[in-house]
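Values below: every heavy atom of this structure, side chains too, minus hydrogens, waters and symmetry copies. Reminder, nothing fancy here: chain letters follow the sequence lines and each chain counts from 1.
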Amino acid sequence: MRYWLMKSEPDEFSITDLENRDQQTEGWDGVRNYQARNFMRDDMSVGDKALFYHSNTKVPGVVGIATVSREGYPDGTAFDPQDPHYDPKSDPDKPRWYRVDVTFERQLDRVIPLAEIKDRADELEGLPLVRKGNRLSVMPVDKAHYDFILGLEHAGQ
DNA sequence: GCCAACGTTGGC
DNA sequence: GCCAACGTTGGC
C-alpha cells in the first residue's frame with residue numbers, strides 16, 4: 001500500500017464536500033499537471049491512503065484522510081467543452097488526463113497547518129510539500145512521513 | 001492582492 | 001533545442 005497527499009482548494013472541493021458526497025466518493029478530476037497525472041494513472045492502487053490537504057485558504061494544511069477507491073481512468077472533464085477543465089487536446093480515444101476516485105475516511109480532529117509541517121522539515125526530509133516552490137497537487141508520501149504527520153494530530157501544542 | 005516559483009507554449 | 005513570454009499555483 002502506498003501513501004499520498006492530495007491538494008484541493010476548499011472553495012472548490014473540501015474534505016466536507018467529500019464526506020457529503022454520494023457514497024462519500026468523488027473522482028479526483030481537473031488535474032492538469034503531467035507529474036500528478038502519472039501518479040494517478042500509473043502508481044495509485046485501490047486501498048492507498050491519501051492525506052487530504054486544503055490549499056489556497058486561510059490556514060493551509062492537512063485536514064483529513066481519504067482512501068483510493070478506483071484506480072486511474074480517463075478524466076472525462078477534459079472532453080467537455082462546457083467544463084472549466086476542458087482540454088481540446090485530450091482525445092477520448094487517447095486521453096491525456098486521468099483521475100482516480102477517492103472515498104472519505106475521516107476528518108482530522110484538528111487541521112495540521114502547513115506552517116507546523118514546515119517546522120518539522122527535518123523529520124520530513126524529501127517530502128515535496130516542504131520543498132520551496134512546490135506546486136505538485138498529487139504527491140507520494142513515505143509511510144514514515146505519513147505516520148509522522150498524523151502523529152502531530154494529537155501532539156501537545 | 002502580491003509575487004515567487006514553476007510549467008507550458010511557441011518563435012526562431 | 002533554446003529560451004522568452006506567458007499563465008498558473010499557492011503561500012503569505
Interatomic distance, [X] [atom1] vs [N] [atom2] [rounded to whole Å]:
| X | N | atom1 | atom2 | value |
| --- | --- | --- | --- | --- |
| A:Leu136 | C:dT8 | CG | P | 18 Å |
| A:Asn33 | C:dT9 | CG | C1' | 10 Å |
| A:Arg37 | B:dG7 | CZ | P | 15 Å |
| A:Lys118 | C:dG11 | NZ | P | 7 Å |
| A:Lys132 | B:dC3 | NZ | P | 16 Å |
| A:Glu9 | C:dG10 | CD | C1' | 8 Å |
| A:Leu129 | C:dG11 | CG | P | 8 Å |
| A:Tyr34 | B:dT9 | OH | C1' | 11 Å |

Verdict with reasoning, A:Val102 to A:Thr67, per side-chain contact (heavy atoms from CB on, under 4.5 Å):
CA-CA 5 Å; A:Val102 297; A:Thr67 305; over 6 Å; no
OP1 or OP2 of C:dT9 versus the side-chain N and O atoms of A:Lys7: is any pair under 4.0 Å?
no
Should A:Tyr53 be listed as having a side-chain N or O under 4.0 Å from OP1 or OP2 of C:dG11?
yes
Residue whose closest nucleotide on DNA chain B lies nearer the 5' end, A:Lys89 versus A:Asn56:
A:Asn56
Can a cation-pi geometry be assigned to A:Arg70 and A:Tyr73, taking NZ or CZ under 6.0 Å from the six-membered ring centre and within 45° of the ring axis?
yes
I would like to know whether A:Arg32 and A:Asp75 meet salt bridge (charged side-chain N to carboxylate O under 4.0 Å, His left out); could you show each step before the answer?
CA-CA 10 Å; A:Arg32 297 292 179 266; A:Asp75 179 353; 2.9 Å; yes
Please work out whether the ring planes of A:Trp28 and A:Phe13 are parallel, tilted or perpendicular, with thresholds of 30° and 60°.
perpendicular
